[in-house]
S.K.: 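What follows is a single structure, and I will ask about it in a moment.
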Amino acid sequence: MGTRLNIRVPADFVLSRDACSYGYFLLAPNHWDVRQQTLARMFLLAEGGARATITQEQRNTHRTSRPGRISFPHVPGAPLRVGFDRALTRAEQIQARAQLTRMLRLDEDETHARAFHALDPRWKQSGRSRLYRSPTLFEDVLKTVTSCNVTWPSTIHMNRRLCDVLGESGSFPSARRMARARPGTLRARCRVGYRDQRMVELAKMFVPRGNKPAEVDEAWLTDPSTDDDTAFTFLTSLPGIGPYAAGNIMQLLGRYSRLALDSESLRHGKAVLGMTGTDASIMKRLAAHYEPFGEFKFKSYWFEIWDYYETKRGASHNWDRDEVGSSLTASKL
DNA sequence: GGTAGACCTGGACGC
DNA sequence: GCGTCCAGGTCTACC
């Protein structure tokens, strides 16, 4: 008999909206079940892998939505029910709760959302504020590396292979496991290409050595006394992490004052915001466009992009991973 | 400080 | 089925 956990959530939390809010929910080992409206994945816990299925109470009757407005099937603020495929120890239950809290941003309460919506009221109606992330910073950083200099289908493929080849029963690989991997294995079996050496070096930086703490200190990176510029500069010093990747990791750390501008941003600037000119000039105009959103500018940027995807493909909680997931860039929509 | 070219993979396309 | 081209961000060497 597997362990079942009930997780209290903020009053505005909606599983289908808040889990399906960033592309990583489409990447292995995550699996969003469209029919059931549940999220399943392997978690890596102290005693090994454990598969969890996350559900939230659904409305009896699906609320009728106004044209152009997306309605979500779950009851806001209803506790999450998380079923594991094996019994968890007390220590593992604490670990699982911490990973779920990180992944679903349960630490961002209504006060946080109100502050964001005060700066950018466009998302108040839908309630969008949380951005899905991974249960661990290591997985977030590696997922970011797999999204650099590749098209989205390759990112999907790399994450699937990493879980199959180096994961435990299909989990995302641990930093320890990847630190021990041979670059040649990553290249040949996970198809990560030239990122092989960088990924192993990155993994080593997440693992304490002897009495020495890990070089990547998540507590320091998320500490409010560490300013954004210092955190960003540190991130760009990591192997395989440039300005785009560092900007993305900043938001994954809960620091939304930076943008992560890439080719997708350029398309958004041209197609949605009607910007013209050279790529460099559009990048500058994009930075200026989001400046008014201050400490939340990444959220404003990202929800504009997400909104565009949803106008083309429908609500993200109804996306089929194999169908829509493989075409998730503006150029393919 | 700015820029050119290399780094890999997978998909699209033409033959 | 094969060859060619292209998209994608980071890193290094060079000016």
Side-chain angles (χ1 to χ4, degrees), chain A residues 22-24 26-28 134 138-166 173 178 181-206 215-216 229 231-253 258-272 277-287 290 298 301-302 305-306 308-309 312-313 320-333:
Chain A
Y22 194 65
Y24 290 4
L26 293 161
L27 298 178
S134 303
F138 175 68
E139 185 177 332
D140 271 342
V141 170
L142 266 289
K143 276 185 159 53
T144 300
V145 171
T146 66
S147 73
C148 289
N149 202 28
V150 284
T151 51
W152 183 248
S154 292
T155 303
I156 292 177
H157 194 215
M158 275 187 247
N159 278 274
R160 179 73 270 156
R161 303 284 297 173
L162 285 170
C163 295
D164 289 348
V165 174
L166 296 177
M178 195 173 291
R182 281 204 299 252
T185 303
L186 284 172
R187 182 178 292 229
R189 298 187 61 199
C190 304
R191 314 297 293 168
V192 302
Y194 65 88
R195 300 163 193 79
D196 55 357
Q197 185 71 47
R198 295 172 192 174
M199 289 168 92
V200 173
E201 286 172 20
L202 260 177
K204 286 178 178 169
M205 297 179 79
F206 277 82
E215 290 175 71
V216 177
D229 286 346
F232 185 83
T233 301
F234 172 78
L235 292 172
T236 54
S237 75
L238 299 176
I241 306 298
Y244 161 76
N248 192 53
I249 296 167
M250 288 288 278
Q251 69 88 3
L252 293 164
L253 286 164
R258 297 276 182 150
L259 295 170
L261 297 177
D262 60 359
S263 55
E264 196 69 1
S265 320
L266 281 175
R267 272 194 288 269
H268 182 70
K270 292 173 189 171
V272 179
T278 64
D279 288 357
S281 72
I282 290 175
M283 285 297 193
K284 281 186 181 172
R285 290 175 66 191
L286 281 167
Y290 295 105
F298 185 90
Y301 160 72
W302 185 255
I305 295 247
W306 208 243
Y308 176 71
Y309 293 163
K312 297 285 180 186
R313 288 288 188 168
D320 176 77
R321 181 171 64 172
D322 298 326
E323 197 183 316
V324 176
S326 62
S327 62
L328 190 68
T329 58
S331 62
K332 298 278 176 63
L333 284 165

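Each chain gets a letter, A, B and so on, in the order the sequences are listed, and its residues count up from 1. Scope of the values below: all heavy atoms of this structure, side chains included, with no hydrogens, waters or symmetry mates.
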S.K.: Output the single nucleotide from dC7(B), dG10(B), dT10(C) whose closest atom is nearest the side chain of Tyr194(A).
M.R.: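 Looking only at heavy atoms from C-beta outward on Tyr194(A), the closest nucleotide is dC7(B).
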S.K.: Between dG10(B) and Arg191(A), is there an OP1 or OP2 to side-chain N/O distance shorter than 4.0 Å?
M.R.: yes
S.K.: Roughly how many Å is it from CG in Leu202(A) to P in dC11(C), rounded to a whole number?
M.R.: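 About 9 Å, once rounded to whole Å.
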S.K.: Separation of Met199(A) atom CE from dG9(C) atom P, in whole Å?
M.R.: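 From Met199(A) CE to dG9(C) P: 17 Å.
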S.K.: At 4.0 Å (heavy atoms only), tell me whether Leu238(A) reaches a base, stays on the sugar-phosphate, or touches nothing.
M.R.: sugar-phosphate
S.K.: In whole angstroms, how far is the P atom of dC8(B) from the CZ atom of Arg161(A)?
M.R.: 18 Å
S.K.: Ring-plane angle category for His268(A) and Tyr301(A), please: parallel below 30°, perpendicular beyond 60°, tilted otherwise.
M.R.: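 Ring orientation, 0 to 90° scale: perpendicular.
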S.K.: What is the separation between atom CG on Asn149(A) and atom C1' on dG10(B), rounded to the nearest whole Å?
M.R.: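 In whole Å, dG10(B) C1' and Asn149(A) CG are 12 Å from each other.
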S.K.: Could you tell me whether the phosphate oxygens of dA7(C), OP1 or OP2, come under 4.0 Å of any side-chain nitrogen or oxygen in Arg267(A)?
M.R.: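 Checking Arg267(A) against dA7(C): no side-chain N or O falls below 4.0 Å of OP1 or OP2.
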S.K.: Under 4.0 Å between a side-chain N/O of Thr151(A) and OP1 or OP2 of dG11(B), yes or no?
M.R.: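 Negative; the distance criterion is not met.
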S.K.: Check the distance between dA7(C)'s P and Glu264(A)'s CD and give it to me in whole angstrom.
M.R.: 14 Å
S.K.: Of the nucleotides dG8(C), dG10(B), dG9(C), which one has an atom closest to the side chain of Cys148(A)?
M.R.: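 So the side chain of Cys148(A) is nearest to dG9(C).
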S.K.: Please tabulate, one pair per line, all N/O donor-acceptor pairs under 3.5 Å involving side-chain atoms of residues 235-245 of chain A, not counting sequence neighbours.
M.R.:
{"residue": "Thr236(A)", "atom": "OG1", "partner": "Phe232(A)", "partner atom": "O", "Å": "3.4"}
{"residue": "Thr236(A)", "atom": "OG1", "partner": "Thr233(A)", "partner atom": "O", "Å": "2.8"}
{"residue": "Ser237(A)", "atom": "OG", "partner": "Phe234(A)", "partner atom": "O", "Å": "2.5"}

S.K.: Can you tell which of dT10(C), dC7(B), dG8(C) lies closest to the side chain of Pro243(A)?
M.R.: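 It is dT10(C).
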S.K.: Identify the residue among Thr144(A), Asp140(A), Asp262(A) that makes a side-chain hydrogen bond (donor to acceptor under 3.5 Å, both in side chains) with Asn248(A).
M.R.: Thr144(A)
S.K.: Give a yes or no on whether Arg189(A) atom CZ has more than 12 heavy-atom contacts from other residues, nucleotides or ligands under 6.0 Å away.
M.R.: no
S.K.: Output the single nucleotide from dG8(C), dG10(B), dC8(B) whose closest atom is nearest the side chain of Arg187(A).
M.R.: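 Between dG8(C), dG10(B), dC8(B), the one nearest the side chain of Arg187(A) would be dC8(B).
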